[in-house]
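Because only heavy atoms are used, hydrogens play no part in the values below, and waters and symmetry mates are left out as well, while side chains stay in.
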Amino acid sequence: MELQIIQNKILTIRNQKVMLDIDLAVLYEVETRVLKQAVKRNIDRFPVDFMFYLTEQEIESLVSQSVIPSKKHLGGAIPMAFTEQGVAMLSSVLKSKTALNVNVAIMRTFVAMRQYALGYSELRDKIDQLEIEMNMQFEDIYKALTQMLDRKKEDKPPFKVGFVQ
């Protein structure tokens, strides 16, 4: 399974990377109601840091951002959002070969995204450090130029050269 397809299904909701039940059902090749039913039967495996229901405001936000085409796309059910741990737990609830293979691909995608974010963070830190160093260097040059200009202003005007009558 292509990581890019999975990566496009990972959303940020409540400052967490999550996947919606409708997208997971498509990937796992099961109906959304089957996925929801399996979760409800094993709800003790899904604490709030693994899975949560979206609020009406979050649903409206997803529609307005064109993440989902409309509320009708949800089929009238309140969507479940699964964190990385929740997705991992789904493989123990949906016991099929497809679910296992898809789950491995999803876990790899989460790891790749985390590594990318870490790399980006390190790059940002290096750029910030360079800006600090460069500003210090330019500040030193600016001070030196200012001092040179100030000295020129203090110097007496040059005496006139030529014939005096």
Side-chain angles (χ1 to χ4, degrees), residues 1-139 142:
M1 177 158 293
E2 190 178 329
L3 295 182
Q4 187 65 43
I5 293 170
I6 297 170
Q7 192 172 3
N8 291 339
K9 302 294 183 187
I10 297 175
L11 309 171
T12 302
I13 301 174
R14 300 182 193 174
N15 294 321
Q16 296 183 71
K17 299 284 186 205
V18 298
M19 293 184 76
L20 298 179
D21 55 2
I22 53 176
D23 295 327
L24 288 165
V26 170
L27 293 171
Y28 288 137
E29 298 177 0
V30 298
E31 292 180 39
T32 306
R33 67 175 183 79
V34 171
L35 185 143
K36 286 178 178 276
Q37 192 175 48
V39 170
K40 287 177 185 175
R41 280 193 209 131
N42 298 279
I43 197 66
D44 54 319
R45 293 183 183 211
F46 295 93
V48 293
D49 57 327
F50 282 33
M51 185 276 300
F52 56 87
Y53 287 94
L54 297 185
T55 65
E56 189 65 33
Q57 185 178 2
E58 289 165 337
I59 295 168
E60 291 295 332
S61 177
L62 291 175
V63 171
S64 69
Q65 294 172 21
S66 299
V67 174
I68 55 176
S70 69
K71 288 173 72 173
K72 290 179 184 177
H73 179 74
L74 302 173
I78 299 172
M80 297 173 167
F82 293 86
T83 64
E84 183 176 355
Q85 296 86 354
V87 172
M89 188 60 72
L90 273 175
S91 68
S92 70
V93 174
L94 298 172
K95 298 172 183 171
S96 71
K97 183 84 170 160
T98 302
L100 179 64
N101 292 335
V102 169
N103 207 57
V104 169
I106 292 171
M107 292 300 105
R108 287 182 176 149
T109 303
F110 272 107
V111 169
M113 288 176 68
R114 205 171 16 263
Q115 288 172 341
Y116 175 79
L118 287 174
Y120 177 80
S121 177
E122 289 171 7
L123 180 62
R124 182 74 235 155
D125 291 345
K126 287 179 183 180
I127 290 170
D128 289 345
Q129 184 62 35
L130 272 175
E131 283 181 345
I132 291 168
E133 290 172 11
M134 295 304 283
N135 282 340
M136 287 178 163
Q137 289 175 5
F138 285 123
E139 191 173 315
Y142 176 76

Practice item. Determine, stepwise, if the pair Met80 / Lys40 fulfils side chain to side chain contact (heavy atoms under 4.5 Å, CB included). Key: CA-CA 11 Å; Met80 297 173 167; Lys40 287 177 185 175; 4.2 Å; yes

Exercise for review: Might you work through the side chain to side chain contact (heavy atoms under 4.5 Å, CB included) test for Val26 and Lys9, ending with a clear yes or no?
Suggested key: CA-CA 11 Å; Val26 170; Lys9 302 294 183 187; over 6 Å; no

Point to revise | Criterion side chain to side chain contact (heavy atoms under 4.5 Å, CB included) on Leu62 and Ile13, from CA distance to verdict | key: CA-CA 9 Å; Leu62 291 175; Ile13 301 174; 4.3 Å; yes

Point to revise | Evaluation steps, side chain to side chain contact (heavy atoms under 4.5 Å, CB included), between Asp23 and Phe82 | key: CA-CA 10 Å; Asp23 295 327; Phe82 293 86; over 6 Å; no

**Study point:** side-chain hydrogen bond (donor to acceptor under 3.5 Å, both in side chains) between Thr83 and Gln85, worked out
**Key:** CA-CA 5 Å; Thr83 64; Gln85 296 86 354; 3.2 Å; yes

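Rounded to the nearest 0.5 Å, atoms CG (Leu27) and CD1 (Ile22) are 11.0 Å apart.
For the pair Tyr28 and Val34, the minimum side-chain heavy-atom distance is 4.5 Å or more. Using a 4.5 Å heavy-atom threshold, the side chains of Thr55 and Glu60 count as separate. Leu11 places a side-chain heavy atom less than 4.5 Å from the side chain of Leu20. You'll find the side chain of Phe50 stays beyond 4.5 Å of the side chain of Val39, heavy atoms only. You'll find the side chain of Ile6 reaches within 4.5 Å of the side chain of Met19, heavy atoms only.
A salt bridge links Arg14 to Glu58: at least one charged side-chain nitrogen sits closer than 4.0 Å to a carboxylate oxygen.
In this model, a donor atom of one side chain and an acceptor atom of the other lie less than 3.5 Å apart for Arg41 and Gln37.
Every residue two or more places apart in sequence or in another chain was checked for a salt bridge (charged side-chain N to carboxylate O under 4.0 Å, His left out) with Glu29, and none qualifies.
What you find for Gln16 and Asp49 is that their closest heavy atoms are OE1-O, 4.4 Å. Closest approach of Asn15 to Thr12, counting heavy atoms only: CA-CG2, 4.0 Å. The two residues Pro79 and Lys36 come nearest to each other via the heavy atoms CA-NZ, 3.9 Å.
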